[in-house]
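The block underneath contains the structure these notes are about, expressed in structure tokens.
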Amino acid sequence: MAIPINIPVLVMGALLVASCTSAQADGLNPKNKLHCAAALSVAGQNAERTNAPAEQRRTFFVGNSWYSQRVPKGALETPEARQAVAIARQDIPALEPIAAACIKRASREAGFAGFRRRIGAAYDEADAARRR
């Protein structure tokens with residue numbers, strides 16, 4: 001059974017307040033699919049590295065997969081994409097409100113619920129195997 005993505009899980013401790021966003025993260029626009037793909041990729045890498053809760057790792061993976069498939073082919077290899085990743089890496093804590101906004105936006109799009117179930121289930125299976 002797939003675990004539903006719960007947006008509040010994205011918000012942790014001191015990162016709860018969106019006003020914490022720093023100047024570095026201000027360069028990321030949660031209405032831009034490429035920026036969402038970059039931000040969720042960096043947030044996901046950080047979640048894996050810090051062994052964040054499974055649901056949070058899953059949420060970042062599903063969100064990154066969603067947005068990565070919605071940008072034109074090759075867009076993730078452009079200077080804009082590299083710049084978005086660099087901005088995201090400068091201030092990991094500031095990614096929290098951006099990632100939450102990207103996930104919230106995706107959850108309102110047609111087809112996301114089914115995508116979340118399919119990709120999330122695949123992630124859960126791979127995550128469980130990797131952690132054995």
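Throughout, residue positions are numbered sequentially from 1 according to the sequence presented.
Residue A84 comes nearest to H35 through the heavy atom pair CB-CD2, 4.0 Å, listed as atom of the first residue, atom of the second, then distance. Closest approach of S107 and K104 over heavy atoms only: OG-O, 2.7 Å. Annotation for C102 and Y67: closest pair O-OH, 2.6 Å, computed over non-hydrogen atoms. What you find for R70 and K33 is that their closest heavy atoms are O-CD, 3.7 Å. Across A37 and N64, no two heavy atoms sit closer than the pair O-ND2, 2.7 Å. Closest approach of L28 and A39 over heavy atoms only: CD1-CB, 4.2 Å.
The CZ atom of F112 sits 10.5 Å away from atom CZ of R117, with the distance rounded to the nearest 0.5 Å.
For Q83, the CD atom counts as loosely surrounded, since its 6.0 Å shell holds 12 or fewer non-hydrogen atoms of other residues, nucleotides or ligands.
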- Starting from the C-alpha separation in whole Å, work towards a yes-or-no answer on side chain to side chain contact (heavy atoms under 4.5 Å, CB included) for W66 and I103. CA-CA 9 Å; W66 174 261; I103 294 297; over 6 Å; no
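With a 4.5 Å cut-off on side-chain heavy atoms, D127 and R58 do not count as touching. At least one side-chain heavy atom of R57 sits under 4.5 Å from a side-chain heavy atom of Y123. A 4.5 Å side-chain heavy-atom check between R105 and C36 finds at least one atom pair inside the cut-off. Between S68 and L76 there is a side-chain heavy-atom pair separated by less than 4.5 Å. Between E80 and N32, the closest side-chain pair of non-hydrogen atoms falls below 4.5 Å. Residues R118 and F115 form a side-chain contact, since some pair of their non-hydrogen atoms from C-beta on lies under 4.5 Å apart. Between T78 and L34, the closest side-chain pair of non-hydrogen atoms falls below 4.5 Å.
Cluster annotation: L40 is not connected to V71 through the hydrophobic network of ILVMFWY side chains, with a link wherever side-chain heavy atoms come within less than 4.5 Å.
Looking only at distances, a side-chain donor or acceptor of T59 sits under 3.5 Å from a matching main-chain atom of E55.
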